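Keep in mind that this is a model prediction, so the values were computed, not measured.
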Amino acid sequence: MLDEVLKQIEQRKSFLLTSHARPDGDAVGSALACCQVLRAMGKEAQVVLKDGVPRIYKPLPFADTVITAESVNGRYEAAIILECDSIQRTRLQGLEGRFLISIDHHLSGKPFAQVNWIDPKAVATAEMVYRLARAAGVKISPEIATCLYTAVLTNTHLPWHGSWFWPAPIRCAARAASISGIPPPK
């Protein structure tokens with residue numbers, strides 16, 4: 001399904017990215033990182049969140065570029081909905097009738113979009129965004145890495161639960177941390 005997502009992105013120029021209302025770290029970090037991945041691919045991209053960026057995530061790179069809105073305004077060829085199981089959960093008006101791509105890691109993820117990449121084996125949507133960036137040949141910048149690292153950590157609690165061990169997200173978080181210059185947890 002990653003190949004299909006990449007194919008659909010390559011066929012379009014402008015994207016809106018969003019996630020669920022009352023966004024958490026994975027929602028915010030994944031949306032910010034994915035937006036920058038698309039821009040690195042030469043696409044126009046904008047993150048729009050109904051409830052905006054929570055204060056705890058405002059220091060993230062690009063958080064100040066997020067638009068807080070009740071409805072979609074703009075001419076986007078597609079919307080990428082991250083970490084969300086329905087249009088309704090975004091609480092954004094105006095997504096209906098648009099070409100939708102859903103990227104979600106939840107087991108409860110529902111196929112509501114034209115393209116649905118649902119991978120319950122991924123521990124965070126950020127892990128999937130990381131794989132998307134790699135497949136697209138996009139270099140992970142320190143800023144993208146910081147967003148991915150935040151998303152994986154807030155979703156998995158990796159530094160706080162040493163008994164939890166998932167090789168893929170640990171590699172993703174470690175790579176993101178090394179790129180962004182974040183020291184590893186002790």
Side-chain angles (χ1 to χ4, degrees), residues 1-2 4-6 8-106 108-120 122 124-133 136 138 143-144 146-148 150-152 154-155:
M1 190 49 63
L2 170 57
E4 182 63 21
V5 170
L6 199 51
Q8 294 299 329
I9 289 171
E10 288 169 349
Q11 293 176 358
R12 291 168 175 78
K13 182 158 179 54
S14 60
F15 296 85
L16 171 137
L17 293 95
T18 193
S19 189
H20 55 79
R22 295 179 24 216
D24 57 16
D26 191 20
V28 173
S30 294
L32 293 173
C34 192
C35 183
Q36 296 310 309
V37 168
L38 292 175
R39 288 179 178 174
M41 294 172 69
K43 308 297 180 180
E44 296 171 14
Q46 181 64 58
V47 177
V48 179
L49 297 172
K50 159 71 170 69
D51 295 324
V53 176
R55 186 173 29 177
I56 191 169
Y57 303 116
K58 286 197 183 278
L60 285 174
F62 316 110
D64 60 339
T65 66
V66 172
I67 294 172
T68 302
E70 300 276 330
S71 63
V72 176
N73 296 313
R75 300 172 71 133
Y76 305 101
E77 293 178 68
I80 298 178
I81 302 177
L82 299 127
E83 207 208 24
C84 195
D85 62 6
S86 69
I87 294 173
Q88 294 77 20
R89 195 159 173 235
T90 68
R91 294 180 44 207
L92 271 178
Q93 301 299 314
L95 289 171
E96 302 80 6
R98 293 181 187 265
F99 188 87
L100 303 177
I101 299 171
S102 170
I103 301 175
D104 191 6
H105 75 101
H106 291 101
S108 62
K110 298 177 185 97
F112 64 89
Q114 283 84 356
V115 176
N116 298 280
W117 180 21
I118 301 169
D119 183 0
T125 298
E127 180 186 340
M128 299 169 72
V129 171
Y130 176 76
R131 292 185 349 226
L132 175 66
V138 171
E143 295 81 12
I144 292 172
T146 299
C147 294
L148 293 173
T150 300
V152 170
T154 59
N155 218 48

(request) Apply the test side chain to side chain contact (heavy atoms under 4.5 Å, CB included) to residues Leu95 and Ile81: give CA-CA distance (whole Å), side-chain angles for both, the deciding distance (0.1 Å), then the verdict. (result) CA-CA 10 Å; Leu95 289 171; Ile81 302 177; 4.1 Å; yes
(request) Tell me whether the guanidinium CZ or amine NZ of Arg98 lies under 6.0 angstrom from the six-membered ring centre of Tyr76 and within 45° of its axis. (result) no
Is there a side-chain contact between [X] and [Y], using heavy atoms and a 4.5 Å cut-off?
{"X": "Val28", "Y": "Val66", "result": "no"}
{"X": "Ser19", "Y": "Leu49", "result": "yes"}
{"X": "Pro23", "Y": "Pro54", "result": "yes"}
{"X": "Val47", "Y": "Val53", "result": "no"}
{"X": "Arg131", "Y": "Asp119", "result": "yes"}
{"X": "Lys50", "Y": "Thr18", "result": "no"}
{"X": "Leu32", "Y": "Thr150", "result": "no"}

How many angstroms lie between atom [atom1] of [X] and atom [atom2] of [Y], to the nearest 0.5 angstrom?
{"X": "Gln93", "Y": "Gln88", "atom1": "CD", "atom2": "CD", "value": "9.5 Å"}
{"X": "Ile118", "Y": "His106", "atom1": "CD1", "atom2": "NE2", "value": "11.0 Å"}
{"X": "Arg12", "Y": "Glu77", "atom1": "CZ", "atom2": "CD", "value": "7.0 Å"}

Say whether, by atom type as modelled, one donor and one acceptor occur between the side chain of [X] and the main chain of [Y] under 3.5 angstrom.
{"X": "Lys43", "Y": "Phe15", "value": "no"}
{"X": "Ser14", "Y": "Glu44", "value": "no"}
{"X": "Glu10", "Y": "Gln8", "value": "no"}
{"X": "Thr154", "Y": "Ala151", "value": "yes"}
{"X": "Glu70", "Y": "Arg91", "value": "no"}

Indicate the atoms forming the closest heavy-atom contact of [X] with [Y], along with that distance.
{"X": "Leu100", "Y": "Ala113", "result": "O-CB, 3.3 Å"}
{"X": "Cys147", "Y": "Leu60", "result": "CA-CD2, 4.3 Å"}
{"X": "Asp51", "Y": "Ala21", "result": "OD2-CB, 3.4 Å"}
{"X": "Ala33", "Y": "Leu148", "result": "CB-CD2, 3.6 Å"}
{"X": "Ala69", "Y": "Leu92", "result": "O-CD2, 3.2 Å"}
{"X": "Tyr57", "Y": "Asp24", "result": "CE1-C, 3.8 Å"}

(message) Can you tell whether the side chains of Lys110 and Asp85 come within less than 4.0 Å, N to carboxylate O?
(response) yes
(request) Go through the steps for Tyr130 and Ile144 under the test side chain to side chain contact (heavy atoms under 4.5 Å, CB included), then give the verdict. (result) CA-CA 9 Å; Tyr130 176 76; Ile144 292 172; over 6 Å; no
(message) With a 6.0 Å cut-off (strictly less than), is the heavy-atom count around CD1 of Ile56, excluding the residue itself, greater than 12?
(response)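 For Ile56, atom CD1 is not crowded (no more than 12 foreign heavy atoms under 6.0 Å).
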(message) Using the side chain to side chain contact (heavy atoms under 4.5 Å, CB included) definition, which of the options Ile103, Asp104, Thr125 pairs with Trp117?
(response)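 By the side chain to side chain contact (heavy atoms under 4.5 Å, CB included) criterion, Trp117 pairs with just one of Ile103, Asp104, Thr125: Ile103.
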(message) What verdict does the side chain to side chain contact (heavy atoms under 4.5 Å, CB included) test give for Leu17 and Leu82, after you've listed the backbone C-alpha separation in whole Å, the side-chain angles of each residue and the deciding distance to 0.1 Å?
(response) CA-CA 7 Å; Leu17 293 95; Leu82 299 127; 3.9 Å; yes
(request) I would like to know whether Ile9 and Leu132 meet side chain to side chain contact (heavy atoms under 4.5 Å, CB included); could you show each step before the answer? (result) CA-CA 10 Å; Ile9 289 171; Leu132 175 66; 4.1 Å; yes
